[in-house]
Amino acid sequence: MLRQNSNTARPNLGARFALGQTFITPGAQEALEISGETPIQFLRRHVGADWGELSEEDVAENELSLREGFRLLSAYRTAKGQKIWVITEADRSATTILLPSEY
């Protein structure tokens, strides 16, 4: 079950793309609560094209996806070391924060 976070379609300075509606899975929400972090910290990095812990190949894929309108993926670790993903759909209608195991 996804929990809707907010609609972030409004302009954001420094944003490289629209997030659309944002969602967070229960596992990701729990991981952020445990680490004392908030979803917005990771959404800001993602929308600013800070892709986190991705290989050079995946970074290049995201740069292509920005130009061509494909799906975008970022991978981060919380302060407690839990890996989380942030995925924006190709049509930029939605962005989801989730654990890799919830994919």
Side-chain angles (χ1 to χ4, degrees):
M1 180 170 151
L2 296 177
R3 183 175 72 84
Q4 186 170 355
N5 193 20
S6 65
N7 187 334
T8 53
R10 62 186 175 277
N12 182 356
L13 295 177
R16 303 252 332 255
F17 56 91
L19 293 173
Q21 291 186 320
T22 57
F23 299 91
I24 188 165
T25 62
Q29 180 69 46
E30 181 180 14
L32 293 181
E33 288 171 3
I34 289 169
S35 72
E37 295 170 289
T38 63
I40 195 69
Q41 293 172 256
F42 297 96
L43 291 172
R44 283 185 180 143
R45 289 180 65 186
H46 180 69
V47 78
D50 168 0
W51 311 121
E53 298 180 2
L54 293 183
S55 68
E56 288 182 30
E57 191 174 273
D58 287 338
V59 168
E61 184 67 28
N62 271 355
E63 293 301 324
L64 173 68
S65 295
L66 270 176
R67 290 190 305 274
E68 302 297 328
F70 303 135
R71 181 193 246 186
L72 298 162
L73 166 72
S74 292
Y76 308 108
R77 287 196 187 274
T78 68
K80 298 288 187 180
Q82 174 66 57
K83 191 166 196 171
I84 62 168
W85 285 353
V86 181
I87 298 174
T88 298
E89 298 304 323
D91 65 1
R92 309 299 186 252
S93 65
T95 297
T96 304
I97 302 172
L98 66 156
L99 300 180
S101 62
E102 295 175 309
Y103 184 71

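Heavy-atom basis, side chains included; hydrogens, waters and symmetry copies ignored.
When only modelled atom types and interatomic distance are considered, S35 and E37 share a side-chain donor-acceptor pair under 3.5 Å. Side-chain atoms of T88 and H46 include a donor-acceptor pair closer than 3.5 Å. For the 3.5 Å distance criterion, the side chains of S74 and Y76 qualify, holding a donor opposite an acceptor.
Side-chain contact check for T96 versus V86: every heavy-atom pair is 4.5 Å or farther apart. Looking only at side-chain heavy atoms (C-beta outward), L98 and I84 stay at 4.5 Å or farther from each other. For the pair I87 and T95, the minimum side-chain heavy-atom distance is 4.5 Å or more.
The minimum heavy-atom distance between N62 and L73, with the atom names listed, is ND2-O, 2.5 Å. The shortest heavy-atom contact between T38 and F42 is O-CD1, 3.6 Å. Residues A28 and I97 share a closest heavy-atom pair of CB-O, 3.6 Å. Minimum heavy-atom separation, Q82 to A31: CG-CB, 3.7 Å.
Note that CZ of R77 and NZ of K83 are 5.5 Å apart. Values are rounded to the nearest 0.5 Å. In this structure, L72 CG and L66 CG are separated by 5.0 Å, a value rounded to the nearest 0.5 Å. Residue E68 holds its CD atom at 10.5 Å from CD of E61, rounded to the nearest 0.5 Å. In this structure, OG1 on T25 lies 13.5 Å from OH on Y103, to the nearest 0.5 angstrom.
No donor-acceptor distance shorter than 3.5 angstrom exists from the side chain of E30 to the backbone of G27, with no hydrogens or angles considered. One N or O on the side chain of R92 and one on the backbone of F70 form a donor-acceptor pair closer than 3.5 Å.
In the hydrophobic cluster analysis, where Ile, Leu, Val, Met, Phe, Trp and Tyr join through side-chain heavy atoms closer than 4.5 angstrom, F17 is grouped apart from L64. Cluster membership check: I40 does not share its hydrophobic cluster with I34, using side-chain heavy-atom separations under 4.5 Å among Ile, Leu, Val, Met, Phe, Trp and Tyr.
The pair E63-R16 counts as a salt bridge, with a side-chain nitrogen and a carboxylate oxygen less than 4.0 angstrom apart.
More than 12 heavy atoms of other residues, nucleotides or ligands shown are found within 6.0 angstrom of CD on E53.
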